[in-house]
Each structure stands twice: as C-alpha cells, then as structure tokens.
Amino acid sequence: MHNAIHFPIVQHLSVNDYGLYPGTPSKPGLELDFSPGLTLVVGTNGLGKTTLATLLFRMLSGPFDLSGNTLSSTELGGASLDAIQLSSRARSMFADRVSDRAANAVAVLDVELGGKMLQISRSMKTLTLSRLTVDGADVAPNEADLHGILVELSGLSSYGDWLMFLRQLVFYFEDRRSLVWDASAQHQVFRMLFLPPAESKELYEEERRILEMDSRIRNDRAALTRLQDRVAKDDEKQSQGEELGGRVQSLEPLQLRDEAKRAQLIKDIDEVDEQRRSLRRQLLEAEDHASRLQEQLEDVRLRIIHDQFPTKAETAKYLLSLLMLDGKCAVCSSEHPGLAEALDERISHAQCVLCGSPSNDDHLEQIPAADVESLDSIRDALERSRIRVEQLQIELTAASGSYEVQSNHLIQLTDQIKGREQLLSTLRQALPEKEDKQLQAKNELGALQSKVDQDRIELDVLTAAFIRRTQAFNERVQARVSEIKLAFGTYAEGFLYETVALKWTPRMRRLGQLQKIDSASFELDMGGTDFEAVHRREGPGAVSESQREFIDLAFRMALIEVAGQGAGGTLVIDAPESSLDAVFVERAAAVLCRFGRAGGPNRLMIASNLVDGRLLPELIRLGVPEAEQDQRLLNLLDVAVPTAAVRVEEGKYRAEWADILKQGFNG
C-alpha cells in the first residue's frame, strides 16, 4: 500500500491594508482566486511579483524555515532538517517594503490539504498567526497547533519535512536545488514522499545519530592525536631534562633576586617621588612667603620716604621710591642691591636719603621708631626666607636627580627580568612533565583511545542498521520508479526534442566522513547534438540553461503526480521566461498548461515580467479561457503601487499587455 501524501491546493489569497498592493478605489487590496489550472500574475520589475510568490510561501511556512546552513549546504543529507524560527529581522521582510511597516496589513489564505479546508490569516508585519479555521470552525491561532495540523494532513513526519516539501516541490524559486542531479536531496525527498510518517522519522533520526556519532569520533580522534603528540614529546624531553633543569635552577635565583630588587627600587622611587612632591610644595610656599615679605618691605620704605619728605613734590617721592624697588635701578633695570641697602641704612640713621648727611631738620628726626624697627625686622625675615628658598631649590634639584637615576635603573632592571622570564618560560616548556603528570596523560590517552574504539563499534552497529533500513527504503521507492520515470518522460519529452530518460542507479553515498553506504537515486540520460545515442549527463553543467530549468521542473511535476496519486497539488513558479528560444517557448507553455490544465486537479501559478516574446501569449492561449480571464489573469499594474518606470512608461506597458492579450486570445 502506498503512503498517502497530500499536496496543498491553494484556493484564494487576499491581502488587505498593505501599501505595496493598494488596489483600486472600488476594489482595495489584492484578491487572487486559484481556479483549477493556470493562474498568471504579470507585472514589471519592482511591482511585487516575487513578493507575492514569497507571501504564498510564508502563509504556509509562517515565521519558520530550515537553517541557512541547510539551505546552502552542498549535500542536503548532511544537514539538519529541523525547523527554526526566523529572526525578528527576517520576520519583517514584508514590513520592510512599505512605509507604514505593514502596521495593519493582513493576508488570508484559503488552502485545501488532505481533504480539509484551512483558512490561515497572518499579520504581514511579523508573520504572526492571527486566525485559523479548519472546515469553517475556528481553532486557537497557535503556531505549534498549526504545525501539527499541517504535518498530519500532509502525511509527513515533521514540520521540518513540511518546509522542505514546500521548498523542493511546491515552490520553484531561484534558490532551489537541482533535484535531478542531487542524490542527497533525492534521498530526503523520497523519504518523506514514499515512507509512512513514523518510518520516515525513524530513518531521518537514525541518519542524524550516525552523523552526530561521526562528528564526535572525528573530534575525539583529533584530541587523541594532540594528546599522543604531547605524550611523545614529553618522552623525548626526558633525555634533555637534567640539562634544562640545571639551567632553570641557575636562572630562577637570579630572577628572584632581581624581582626583590625591583620591588625595593619601586618602594624607594615612591619615597623619593613623595619627597620631591613635598619639596615642590614647600618651595612654592617659601617663594610666596618671600614675595609677601618683599611687598611689606617696600610698603614700609615708601611710608618712611613719605614721612621724610612731607612737603616735597610727588615727582621726587616717586623717583626715590623707584630707586629702592627690589634692589633694581629704575632707569636701566640693573641689579643694584647695594643702593637699596644704602637707602635703608640712611633711613635707619635719620640721614638724608639722597646724600647721606646727618640731618638737622626736626621732621627727619621724627621718623617713628616702630617703622625703623619694622623695616629691620622685615629685612631680616626676608633674608631668612630667601635663604630657605635657596636651600629648598638645592634639595629639590637633588631629589629630582635621584628620582631620574632610580627610574632609569628600574627600566633597565625590568627589561632584564622580562628577558629572563621569557627564557625561563621557554626552558620550562621544554622540560618533561613530572612522572605523575606524564602517567596521568598516558592514562587519559588510553581512555580516549578506548572511547574512540567503542564509538567506532557503535557507529558500525548504527550504520549496519541504517543500511538495512535504507535497503527497505530503496525497495519501497523502487516500487514507484516506473511511475516516476513514465511521468517524467511525458513531461520532459514535451519540453525537449532530445531523448531523455531517468535511470534508477545504485551508488555509494557518503554518510558523514567515515562511512559509505549503498544507496540509489535517479540519474539522467539524454541525447544531444554531437551524440549518436543517449548518454549520462553527470551534472547540471552538462546541459543548457533552458534544458536544466525544464528538466528539473519536469522531475518535480512527475513527483507531484506520482506521490500525490493524482489528487493534485500546487506549483508556484517565479519568472520562468529566462533563456528560452522562440520555438522552445511554445513547447514549454504546452507542458506547463498540461500540468495546470483548466478543470484538472492541479493549481499552477506563474509570476512573470511583461516580456516580449511568445511565452505569455502561449500560456494565455493554452491555459486561460477568454471567459475566465478576470479570475486567471492578474496584472499588477492594476493593483500595485507604480514604480518610477511605470509612472513614466505606463502607456507603453499597457499597450504591451493589450498586445499580449490579443495574441493569446486571437491565436
């Protein structure tokens, strides 16, 4: 009995309050019916064709996907197929395209799956599930519950399989894998299509266990090699141990002595630095004190001069005061402390300040004794203050010199210590491990070797079981091979003039890096211009670009037909028009419309640019009855925000579309 796989059959999509698809005043938003057969979406670059196809995918996948490593891995069999949640940045893919960040935008998809009608509503801002109904009955909009419903109704084994199912069979995107030439991807696709869910899950989980064991053994082997090298090097060091140990023993006391010297030197430098700071502070205070005494001395001198010459002109008083200012000549600024001292002496003995003669004037004898005593006192204090300043300057110079010498010594000593430490470090690394540590390392080596051996035995057991299960799986697929080859031949020969056929071929498949197993997959035989008979095409590079596209498409159509047992499915194709010559276009359109024929079980959505050529007219001629054009044709010029190119050239685009319709409906 064949496994029952059900493909999603999309019925209707509506998009509301989304800035990219404002619609028209009479019909806002976007409404798209999917009648049995072809639905054609056309537009220009930037109008949202790929966005629409991606939206369909995200309505069915939600904010989940396979990991980036899985999608980009060379071999799908070596990657995890577990579903992961998209990042918040990725979930805003539709919000990023519009100015209001899709604040209120909601998309609603009606889809039939496994005989049940689901209605899925999602916020386009975050892809959050906002409403879910099954056969018209509301179900709590819980993402985990929806996953369970989709997996159960589709007949698959996990949500990761559902995501791969969508990516490999339902949606034909640019980042798809070339299934015909990817044996690893074929294995995973056939597993989910042709095994009951429980067996499919067990086969996948067994494969993951083997791959995890394979990875663990390789990591342990790498650690084992490192440990073996270390033990071997330590054994080699034993012969050199005494000499190296002697050098270390001779250097270590020197290092300890110099480190003690450095510690004491740092302490001494700190003390000298503190002394230097203290002397600077005291010198500043002494200089300030001397300056204030000098000011007091000048004040007393000026007062005495004023008293001696109460009737003299102010000019004379001023000149006499300048003569005594700080021991400098007011005329030439030369140092002349003797003059100031002489003046002070004359003032003290009541002599004339100009000539030094004894004066008989009464007012000269009336100089207050207190002023004379104050002058002497201040002069003595100033002298002592100046002596203190000189001594402090001498001490500060000595302290600064000592600080400089000791600092240089510290730098030299530190360099010596660092150089010796590097040498000691090198010597210590070259020393053999102590016997107890070496014994411990050898014990670890034995334990790790034993673990690797035991894991290898377990890996062999797991692989043997997996090989038996794979053989049973191959037999189950073998029972469907004829159907697949027949369906593929029908589609592929419709696309191509060359003879083309699938061959179910046993091959060695690598499982991780340590194991290989016998597996089987389809390979492609195809005729060609320079070949008399068909021959094996080993990879996608062995055929032209257009042949590669439609061979892979034919393979997917065949799998939908065979695995779905004729119940139908949905195929979404984004931009199939590249690399098609004029004659090939007609054959391609015929095969596409055969898969998506009106009234048939399948839904085929094709999103295409408004391109010059025969593809669009042929698709319309073969797949769109004129009476049904309103429901089968969506021109995004009518519902999407116009791009700059459309605003400028809208008339030309409209004329091109009118011409395409005319060619399609009038043959």
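- Under the 3.5 Å distance criterion, the side-chain polar atoms of T570 are matched with a main-chain donor or acceptor of V10.
- For the residue pair T50 and D574, a side-chain donor N or O sits within less than 3.5 Å of a side-chain acceptor on the partner.
- For R221, there are no side chain to side chain donor-acceptor pair (under 3.5 Å) partners, not counting sequence neighbours.
- Applying the ring-ring contact (aromatic ring centres under 6.0 Å, His included) test to pairs two or more places apart or on separate chains, none has a residue in residues 211-230.
- Side-chain N or O atoms of T463 include one that pairs as donor or acceptor with a backbone N or O of L459 at under 3.5 Å.
- N602 places a side-chain N or O within donor-acceptor distance of the main-chain N or O of G569, the cut-off being under 3.5 Å.
- Partners of A590 according to the side chain to side chain contact (heavy atoms under 4.5 Å, CB included) rule, which considers only residues two or more places apart in sequence or in another chain, are L622.
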### Task
Decide yes or no on side chain to side chain contact (heavy atoms under 4.5 Å, CB included) for L150 and L118, but give the supporting numbers first.
CA-CA 9 Å; L150 294 172; L118 308 181; 3.8 Å; yes
### Verdict with supporting geometry, R97 and T51, side-chain hydrogen bond (donor to acceptor under 3.5 Å, both in side chains)
CA-CA 9 Å; R97 290 217 58 186; T51 299; 2.5 Å; yes
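- Under the 3.5 Å distance criterion, the side-chain polar atoms of R587 are matched with a main-chain donor or acceptor of F495.
- Heavy atoms only, all atoms of each residue included: A589 and L615 are closest at CB-CD1, 4.4 Å.
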### Query
How far apart are the C-alpha atoms of W162 and L60, what are their side-chain angles, what is the distance that settles it, and do they pass the side chain to side chain contact (heavy atoms under 4.5 Å, CB included) test?
CA-CA 9 Å; W162 168 257; L60 292 169; 4.2 Å; yes
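- Closest approach of L636 to L47, counting heavy atoms only: CD1-O, 3.9 Å.
- Here the side chain of Y204 pairs no donor or acceptor atom with the backbone of S158 at under 3.5 angstrom.
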#### Entry: Audit row: N16, N104, side chain to side chain contact (heavy atoms under 4.5 Å, CB included) steps and yes/no
CA-CA 8 Å; N16 301 302; N104 301 309; over 6 Å; no
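- Qualifying side chain to side chain contact (heavy atoms under 4.5 Å, CB included) partners for E493, counting only residues two or more places apart in sequence or in other chains: V500.
- Summarising the geometry, atom OG belonging to S130 is positioned 10.5 Å from atom CD1 belonging to I120; distances are rounded to the nearest 0.5 Å.
- R594 places a side-chain N or O within 3.5 Å of a backbone atom of T490 that can act as its donor or acceptor partner.
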### Message
Under the criterion side chain to side chain contact (heavy atoms under 4.5 Å, CB included), I'd like the reasoning laid out for L153 against H6: C-alpha separation, chi angles, the key distance, then a yes or no.
### Response
CA-CA 7 Å; L153 294 180; H6 302 289; over 6 Å; no
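- S87 contributes a side-chain N or O that, together with a main-chain N or O of A90, makes up a donor-acceptor pair within less than 3.5 Å.
- Residues passing the salt bridge (charged side-chain N to carboxylate O under 4.0 Å, His left out) test with R101 are D96, sequence neighbours excluded.
- The side chain to side chain contact (heavy atoms under 4.5 Å, CB included) test with R480 is passed by exactly one of R476, Q478, E483: E483.
- For the side chain to side chain contact (heavy atoms under 4.5 Å, CB included) test, residues two or more places apart in sequence or in another chain that qualify with D65 are F57, R58, L71, L86, R167.
- Aromatic rings from F165 and F171 are positioned such that their centres are separated by 6.0 Å or more.
- With salt bridges taken as basic N to acidic carboxylate O contacts below 4.0 Å, one links R456 and D460.
- By the 4.5 Å heavy-atom criterion applied to side chains, S67 and N69 are counted as neighbours.
- For Q449, the side chain to side chain donor-acceptor pair (under 3.5 Å) partners are D453, not counting sequence neighbours.
- Side-chain atoms of R191 and Q188 include a donor-acceptor pair closer than 3.5 Å.
- Legend: residues meeting side chain to side chain donor-acceptor pair (under 3.5 Å) with Y21, ordered by chain and number and at least two apart, are absent.
- No side-chain heavy atom of V15 sits less than 4.5 Å from a side-chain heavy atom of F94.
- A donor-acceptor contact closer than 3.5 angstrom is absent between the side chains of D182 and S178.
- Across all non-hydrogen atoms, the minimal contact from S608 to K49 is O-CD, 3.0 Å.
- Residues that satisfy the side chain to side chain contact (heavy atoms under 4.5 Å, CB included) test with E152, not counting sequence neighbours, are absent from this structure.
- Enclosure of atom NZ in K451 by more than 12 non-hydrogen atoms of other residues, nucleotides or ligands within 6.0 angstrom is indicated.
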### Test log, rule side-chain hydrogen bond (donor to acceptor under 3.5 Å, both in side chains), inputs T126 and R91
CA-CA 5 Å; T126 61; R91 291 197 298 271; over 6 Å; no
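- One distance of note links OG of S184 with CG of L179; it measures 10.5 Å at 0.5 Å rounding.
- Electrostatic pairing of D214 and R218 counts as a salt bridge here, judged by a charged N lying under 4.0 Å from a carboxylate O.
- Taken to the nearest 0.5 Å, the CD atom of Q186 stands 5.0 Å off from the OG atom of S521.
- For Y159, there are no side chain to side chain donor-acceptor pair (under 3.5 Å) partners at least two apart in sequence or on another chain.
- Counting heavy atoms from C-beta outward, M164 and L66 have side chains that approach closer than 4.5 Å.
- Nearest approach of A105 to D17, heavy atoms of both residues: CB-O, 3.4 Å.
- Note that the CG atom of L502 and the OG atom of S482 stand 11.5 Å from one another [nearest 0.5 Å].
- By the salt bridge (charged side-chain N to carboxylate O under 4.0 Å, His left out) test, E206 is found to be paired with R469, residues two or more places apart in sequence or in another chain being considered.
- Distance alone, capped at 3.5 Å, places no donor-acceptor pair between the R122 side chain and the V106 backbone.
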Side-chain donor-acceptor distances from residues 30-41 under 3.5 Å, at least two apart:
unit_1 : atom_1 : unit_2 : atom_2 : d
E31    : OE1    : H12    : NE2    : 2.6
D33    : OD1    : H12    : ND1    : 2.6
S35    : OG     : Q631   : NE2    : 2.7

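- Between A598 and R632, the closest heavy-atom pair is CB-NH2, 3.7 Å.
- V151 approaches S157 most closely through the heavy-atom pair CG1-C, 3.9 Å.
- The line from CZ of R548 to CG of D552 is 9.5 Å long, rounded to the nearest 0.5 Å.
- A donor-acceptor pair under 3.5 Å links the side-chain atoms of T70 to the main chain of S80, judged by distance alone.
- Interatomic distance, CZ of F473 versus CG of L203, reported as 6.5 Å (0.5 Å rounding).
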